[in-house]
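Positions are given from 1, in the same order as the sequence printed here.
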Amino acid sequence: MEIDFANKVLMPKKWLALIGDRASGKTTLLTRLAEEMKLPSYDLDDVISRRVSRDHNDFFKLYGERRFRDQEELALHSLPNSPTLLSCGGGTCFNQLAMKLLSKKARFLFLDVPSAVLVARRKLGGDPRPLLGKFQSIEAEVAALYQSRRETYRRVADWTISWQGEDQEKMVAKILTYFREEYGLE
């Protein structure tokens with residue numbers, strides 16, 4: 001799928017960026033999709049962690065969102081200019097400088113996940129990331145962000161795939177089937 005995917009789907013851009021809310025499954029799907037598409041992959045949070053020599057969650061807690069977003073932009077500049085699969089953070093689409101770069105290099109796949117599934121995943125996974133802003137609970141944060149961010153994700157996205165809670169392999173198959181049917185890939 002490597003040559004067909006890069007030439008038929010991504011062109012003239014080089015990257016496929018997975019976008020969506022925290023716990024939407026971007027990182028979960030990244031490795032399997034990259035294997036199937038035969039593309040190198042990068043989790044933007046991991047790239048940031050390597051750049052700052054500390055866990056990205058710790059960096060966010062210590063230095064705040066503004067400095068984290070600065071590092072996010074720098075991390076994007078460090079990625080190769082070749083066909084690549086990228087998992088973006090939930091807030092990346094709201095970082096104007098990062099989006100300026102991404103809009104030049106990437107096409108976007110929005111993983112649209114119902115808010116109830118996002119809450120369940122975050123609770124099940126023991127999400128180590130801090131609550132944003134003044135939210136008192138995961139439910140309150142998800143409810144507020146889901147409403148405020150969803151329209152932006154949809155507007156930015158080249159494609160939207162709904163994930164209702166299927167397991168990882170079924171979701172990878174769903175995405176690959178979509179691209180194969182849409183673009184006539186082998």
Side-chain angles (χ1 to χ4, degrees), residues 1-51 56 69 72-115 117-118 121 145-146 149-186:
M1 193 169 186
E2 174 186 10
I3 293 171
D4 284 339
F5 186 81
N7 289 328
K8 289 186 177 182
V9 179
L10 295 181
M11 294 306 274
K13 301 187 179 182
K14 299 285 188 185
W15 300 346
L16 174 62
L18 303 178
I19 59 172
D21 290 294
R22 180 191 299 188
S24 62
K26 302 175 301 282
T27 299
T28 299
L29 297 177
L30 181 69
T31 303
R32 284 290 298 124
L33 281 172
E35 287 171 3
E36 293 293 328
M37 294 176 175
K38 307 237 184 312
L39 292 173
S41 63
Y42 298 89
D43 181 306
L44 192 52
D45 287 339
D46 290 345
V47 175
I48 293 168
S49 292
R50 284 192 300 279
R51 284 188 52 77
H56 65 279
R69 298 298 169 207
E72 189 172 55
E73 181 195 356
L74 293 170
L76 287 168
H77 281 289
S78 73
L79 297 177
N81 191 27
S82 58
T84 297
L85 186 60
L86 174 67
S87 171
C88 296
T92 303
C93 287
F94 306 91
N95 178 342
Q96 290 181 355
L97 295 174
M99 286 305 292
K100 184 176 179 180
L101 175 64
L102 279 168
S103 66
K104 292 176 185 174
K105 292 188 173 194
R107 297 193 75 192
F108 298 92
L109 173 62
F110 169 39
L111 298 178
D112 189 9
V113 178
S115 59
V117 174
L118 296 173
R121 286 179 180 171
L145 294 179
Y146 187 80
R149 290 181 168 185
R150 194 164 193 232
E151 193 53 42
T152 298
Y153 292 139
R154 286 182 182 270
R155 183 175 34 78
V156 167
D158 293 286
W159 309 281
T160 298
I161 302 281
S162 177
W163 190 352
Q164 301 295 318
E166 300 93 334
D167 71 28
Q168 175 186 353
E169 289 304 314
K170 286 182 183 172
M171 195 58 196
V172 167
K174 183 177 182 178
I175 292 168
L176 295 174
T177 297
Y178 171 81
F179 282 125
R180 283 183 180 118
E181 291 174 357
E182 184 74 15
Y183 294 93
L185 302 174
E186 296 297 319

Visitor: Can you tell me how far OG of S24 sits from CZ of R121, rounded to the nearest 0.5 angstrom?
Guide: 7.0 Å
Visitor: Could you tell me if the side chain of V113 sits less than 4.5 Å from the side chain of D21, heavy atoms only?
Guide: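 Heavy-atom side-chain distance check fails, nothing below 4.5 Å.
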Visitor: For the pair R32 and E35, find out whether any cationic side-chain nitrogen is under 4.0 Å from an anionic carboxylate oxygen.
Guide: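 Salt bridge between R32 and E35, a charged N being under 4.0 Å from a carboxylate O: yes.
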Visitor: Does L18 reach the side chain of L33, with side-chain heavy atoms less than 4.5 Å apart?
Guide: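 SC-SC contact between L18 and L33 confirmed.
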Visitor: Taking ring pair (Phe, Tyr, Trp, His ring centres under 6.0 Å) as the criterion, tell me which of W163, W159, Y153 meets it with F110.
Guide: Y153
Visitor: Test your reading of the model: is there a side-chain donor-acceptor pair from R149 to the backbone of G90, 3.5 Å cut-off?
Guide: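 Side chain of R149 to backbone of G90, a donor-acceptor pair under 3.5 Å: yes, one is there.
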Visitor: Would you check if the side chain of R107 reaches a backbone N or O of D158 as a donor-acceptor pair within less than 3.5 Å?
Guide: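 Checking the backbone N and O of D158 against the side chain of R107, no donor-acceptor pair under 3.5 Å is found.
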Visitor: More than 12 heavy atoms of other residues, nucleotides or ligands under 6.0 Å from CD of Q96: yes or no?
Guide: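 Counting neighbours around CD of Q96, 12 or fewer heavy atoms of other residues, nucleotides or ligands fall under 6.0 Å, so no.
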Visitor: Using side-chain heavy atoms (C-beta onward) and a distance below 4.5 Å, is D45 in contact with T27?
Guide: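 Of all side-chain heavy-atom pairs linking T27 with D45, none is under 4.5 Å.
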Visitor: Between L10 and W15, is any pair of side-chain heavy atoms under 4.5 Å apart?
Guide: no
Visitor: Give a yes or no answer on whether the side chain of T92 reaches the backbone of G89 with a donor-acceptor pair at less than 3.5 Å.
Guide: yes
Visitor: Between R69 and E72, is a salt bridge (Lys or Arg N to Asp or Glu O under 4.0 Å) present by the stated rule, with each step listed?
Guide: CA-CA 5 Å; R69 298 298 169 207; E72 189 172 55; 3.0 Å; yes
Visitor: Keeping S49 on the side-chain end and H56 on the backbone end, is there a donor-acceptor pair under 3.5 Å?
Guide: yes
Visitor: For M99 and F108: C-alpha separation, side-chain torsions, deciding distance, then whether side chain to side chain contact (heavy atoms under 4.5 Å, CB included) applies.
Guide: CA-CA 11 Å; M99 286 305 292; F108 298 92; 3.7 Å; yes
Visitor: Is the closest side-chain heavy-atom distance between S82 and K14 below 4.5 Å?
Guide: no
Visitor: Any heavy-atom pair between the side chains of M171 and I161 that's under 4.5 Å?
Guide: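 A side-chain contact exists here, since the closest heavy-atom pair is under 4.5 Å.
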Visitor: For L102 and L86, run side chain to side chain contact (heavy atoms under 4.5 Å, CB included): C-alpha distance rounded to whole Å, both residues' side-chain angles, the deciding distance at 0.1 Å, then the answer.
Guide: CA-CA 10 Å; L102 279 168; L86 174 67; 3.8 Å; yes
Visitor: For side chain to side chain contact (heavy atoms under 4.5 Å, CB included), just list the numbers for I175 and E36, CA-CA rounded to whole Å, side-chain angles, deciding distance to a tenth of an Å, and then say yes or no.
Guide: CA-CA 11 Å; I175 292 168; E36 293 293 328; over 6 Å; no
Visitor: Looking at K170, I'd like to know if its NZ atom is crowded, meaning that more than 12 non-hydrogen atoms belonging to other residues, nucleotides or ligands lie closer than 6.0 Å.
Guide: no
Visitor: Is E182 close to V9 at the side-chain level, that is, under 4.5 Å between some pair of heavy atoms?
Guide: no
Visitor: Using the rule given for side chain to side chain contact (heavy atoms under 4.5 Å, CB included), can you reason through K105 versus N81, listing the C-alpha separation, both sets of side-chain angles and the distance that settles it, and then say yes or no?
Guide: CA-CA 8 Å; K105 292 188 173 194; N81 191 27; 4.1 Å; yes
Visitor: State, yes or no, whether a side-chain contact exists between R150 and D112 at a heavy-atom distance under 4.5 Å.
Guide: yes
Visitor: Without swapping roles, check the side chain of K26 against the backbone of L111 for a donor-acceptor pair under 3.5 Å.
Guide: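 Such a contact is absent between K26 side chain and L111 backbone.
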Visitor: Enter the distance from L44:CG to I19:CD1 here, rounded to the nearest 0.5 Å.
Guide: 13.0 Å
